[in-house]
Amino acid sequence: VLRILYPRLWKKFDHRLNLYLKSKAQTQIELQGNGGYTDLQMAQIVKTILSYAGISQDFSPLVYIIGHGSTNTNNPFKQAYGCGACSGNSGFPNSKSFCLMANKREVRNLLKDQGILIPNSTLFIPTFHDTCSEEITFDLSQVSLSEKQKTLHEHFENTMIEACEKNALERCRLFQDSTIPQNQKFAHEHVKARSMDLAQPRPEYGHSKVSLCIVGRRDLTLGFDLDRRAFLVDYDPFFDSDGSLLEEIAVGAVPVAANISLDYYFSRVDNEAFGAGTKLPLNITSLLGVMRGSKSDLQIGLGKQMVELHEPLRILVLVEAKLEHLERLLKKSKRIHNLVQNRWVLFGRICPETKEISYYNEQSEWVKL
Amino acid sequence: MGEVMSTLDYAPLLILGISFVWILAQTAIAFLGLKVTEKFIKVNTALYCVTLVILNLFVFADVVFKGHSYLIHLPDLLSIRNYTLTAEFYVDIYGALFALLSAFLFGIISKFSFSYLHREEGFFRYFLLISLLSLGLQFISYAGSLDILFIGWELVGITSVHLIAFFQYNIRSAQNSLRTLVFYRICDISLLVACILLHFYDHGTEFHVIQHHATEALTHWVGLFIIIATLAKSAQFPLSNWLFRAMEGPTTSSAIYYGALSVHLGPFLLLRTESLWSIWPGLRITIFVIGLTSCIYASLVGKTRSDVKSSIAYTTITQVGIIYMELALGLNHLAIVHILCHALLRTWQFLRSSSVIHDFLESATTREQFQLIMYYPEYPVPRWKKNLYIHAMNGFYLDQIQNFFFVIPFKRLSQFFKKY
């Protein structure tokens, strides 16, 4: 009863109860266990990810690897609220294992040989951002911080909490059943309650309204309000001389963006056929899918409550890259070629030097806007 | 049993009055086509729920304090020759408890629905229907005669059918609600026949009158009709195959009707008319056998269902079957406690039914069992078990039997009449 009438109170109560009853089992990730990674493989993984992120020198004392996930209850759409690319699994274990790798002395030595020098004073900290309840979790169990790092960490933690609160406030604008909270603290409380509420078919709007994917340097969009509608992928064309980095980033990010946006697109265009209809009569079957009411086909898309704000647009992918690199990418990668050529995504290019935008039209020509 | 002693005892009437006025106001709004905001409905419904719970709590405390049941007489509603339709209300501990339970669950479900049905088409319609349900349940709980009880009985039936067809554009929900309506109707006729028989022999249908005439041979038949009347609402065998089809409406309405309140009306009616059947061993045995059959049938079929709501529906039938058996054995107190606990548990299960995947992933034991099955598909299963599984999966052909013996002959008959 408490849980239905006062979800927020319930959460506090539940939390206390858990602290009291359960001693939380500490789990550790065993990287080198049975059939695990060798040091060399780990070094390779760390190197690739660092190069995606464009970090190879000037390491700051603390590097946060932030995974994301979504906590919500009574919603059978985990894969849509959580990570769209990995069927709704949380990114926390990944970030934990990556940090273990990157903090390992042997791996760092190997990286040094490959030209990436991570100073001893640098620590990687696994972090988790819950996109629904706007909570941020740091895992400090595997690292020991120095005094200087501790103050830095505290500062960062406060900044992140403030950012989460602001984000919560921004998200609250879209919820029609909440009186728009003026105070960001209140907004934060509100989204937390949403994530715990059994009766809430809209814990978050997820990627609803997404319409843009920008691959490029982050100062392209600095100070520009994108209204929560864009995927931002970091890529520095000047850092990438032969275009191989672009290939890896684009092959990773563009299909994911396209899949997510098409998922929302079709669920919105015909919610009954491609989506799941309204969430209210949904009935979980066989522990794997939902059907509507007592008997129906398995529902394939997203519920009406998740896409009702979405405008069905094909996503516009803008890549800031050199022309020849892009041309080669389109030729070489079958997946991206199909997406672009068959107009599942709209494609454009931002010139790195002049910031001019050109559009890739149906006749495979670049048209300057 | 005692008569009314003070004005305070009229509280049940106040409850019914408030509910009635509330419904009238809502219906008026609906007919005038006024646009009402969600907030307006929320505030009003919340007020109404709180009032209902407080008043029922008061009545319950009153009855417990007094230690005996009492009657409230109102002027007769209708009087034609030797037939009188009396307006009489009977307040006892069972009725007050059931009314309190229904008011409480109605409050919970309303609170849940505020955010659950947010932005849904038919938000207003939904709240109108479940308020009607609450009125019907209060009527049933405090009714002093079968005639009055019948009003509530019908309200519950009608709203139930409407809520199954809540998503009107969906053809299947319309079909299933029609099926439910047919089942309800058959049993309503039976209840009506029981009322008519009682009136015909000039006793009236008031519960306290019934008690005095219980020994007459006629009540044998009346008791049988009442037992039949309870079958559809409680989805007992052989009328149990509509219940899982009724899961077409919003989860919340499934919870309040088929998990909590509507399915327990059968046992409640039996409890009310106990004097009619309790003296006939034959009828007791009938109730026991019905309960036992439903229990076995539903637990077997329920185990083969793959979806949550159907399996909850079948487990509900199983438990209600057990309640029938308790009633047949004369364990009335146990039965009412069973109803209370069962209603609360099922509501909770229905409301949480969307979380089963989360629960499954979090619970280590179920996962281990699951893996065991995955790893040992060749685990030897005796032949009879396999056969039983297949028969249970087909619901023991109850649909086909009903179709063959009732639906097809009925259609033929109507075809036959169509010619003339």
Side-chain angles (χ1 to χ4, degrees), chain A residues 1-7 25 70-79 81-82 87-90 174-179 193-194 196-203 271-272 276-298 303-305 308-309, chain B residues 38-39 42 104-105 107-122 126 164 166-167 169-170 172-173 175-176 242-254 305-313 344 347-348 351-361 366-367 370:
Chain A
V1 177
L2 188 67
R3 192 158 179 197
I4 293 169
L5 295 182
Y6 301 104
S70 170
T71 316
N72 50 64
T73 181
N74 226 3
N75 270 298
F77 289 91
K78 195 179 174 209
Q79 88 286 23
Y81 286 124
S87 6
N89 286 319
S90 149
L174 299 180
F175 299 134
Q176 207 189 33
D177 56 349
S178 73
T179 44
R194 274 185 109 82
M196 283 302 292
D197 195 349
L198 278 178
Q200 188 52 264
R202 302 170 183 78
N271 196 229
E272 297 291 321
T278 168
K279 269 187 183 180
L280 307 189
L282 288 189
N283 185 357
I284 293 183
T285 181
S286 308
L287 288 172
L288 53 81
V290 287
M291 49 186 204
R292 221 175 312 160
S294 61
K295 199 199 269 178
S296 83
D297 296 339
L298 276 179
K304 187 188 130 216
Q305 277 85 349
E308 60 194 357
L309 292 185
Chain B
E38 278 186 16
K39 198 162 184 181
K42 274 184 196 177
F104 176 69
L105 281 180
I108 296 278
I109 291 290
S110 305
K111 168 72 173 76
F112 196 93
S113 311
F114 288 155
S115 52
Y116 200 61
L117 266 89
H118 170 58
R119 282 177 65 106
E120 196 68 28
E121 284 169 49
Y126 175 82
I164 296 172
F166 185 74
F167 300 103
Y169 52 83
N170 190 345
R172 209 181 42 256
S173 68
Q175 285 167 348
N176 287 348
W242 66 271
L243 192 68
F244 84 94
R245 290 201 172 84
M247 302 302 158
E248 298 287 348
T251 311
T252 45
S253 74
S254 304
R305 296 289 126 171
S306 59
D307 60 306
V308 209
K309 286 185 181 173
S310 297
S311 38
I312 300 180
L344 291 172
T347 313
W348 175 242
L351 293 184
R352 266 184 65 78
S353 71
S354 302
S355 307
V356 281
I357 297 181
H358 290 261
D359 293 351
F360 176 72
L361 291 175
T366 47
R367 221 171 35 216
F370 188 66

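Quantities reported herein were computed from a predicted structural model and do not represent experimental measurements.
The backbone N or O of A:L280 sits less than 3.5 Å from a side-chain atom of B:T251, completing a donor-acceptor pair.
For the pair B:H118/A:Q200, no side-chain contact is recorded, criterion being any heavy-atom separation below 4.5 Å from C-beta on. Looking at heavy atoms from C-beta onward, B:F167 lies out of side-chain contact with A:R292 at the 4.5 angstrom threshold. In this structure, the side chains of A:S294 and B:E248 come closer than 4.5 Å at one or more pairs of heavy atoms. Using a 4.5 Å heavy-atom cutoff, the side chains of B:F244 and A:N283 are not in contact.
Expressed to the nearest 0.5 Å, how far CG of B:D307 lies from CG of A:L282 amounts to 12.0 Å. The structure places CD1 of A:I284 at 7.0 Å from OG of B:S355, a figure rounded to the nearest 0.5 Å. Within the model, atoms CD of B:E120 and CD of A:E308 stand 9.0 Å from one another, a figure rounded to the nearest 0.5 Å.
Residues B:S115 and A:A199 come closest through the heavy atom pair OG-O, 3.2 Å. The two residues A:T285 and B:S306 make their nearest non-hydrogen contact at OG1-OG, 3.2 Å.
With sequence neighbours excluded, the residues satisfying ring pair (Phe, Tyr, Trp, His ring centres under 6.0 Å) with B:Y116 are B:F112.
Considering only heavy-atom pairs separated by less than 4.5 Å from chain A, the leading option among B:G249, B:S311, B:S113 is B:G249.
For chain B, the nearby part of A:K304 is the side chain; its heavy atoms alone come within less than 4.5 Å. The contact between B:R119 and chain A is made by backbone and side chain atoms together, counting heavy-atom distances below 4.5 Å.
For B:E121, the CD atom is loosely surrounded, since the number of other residues' heavy atoms within 6.0 Å does not exceed 12.
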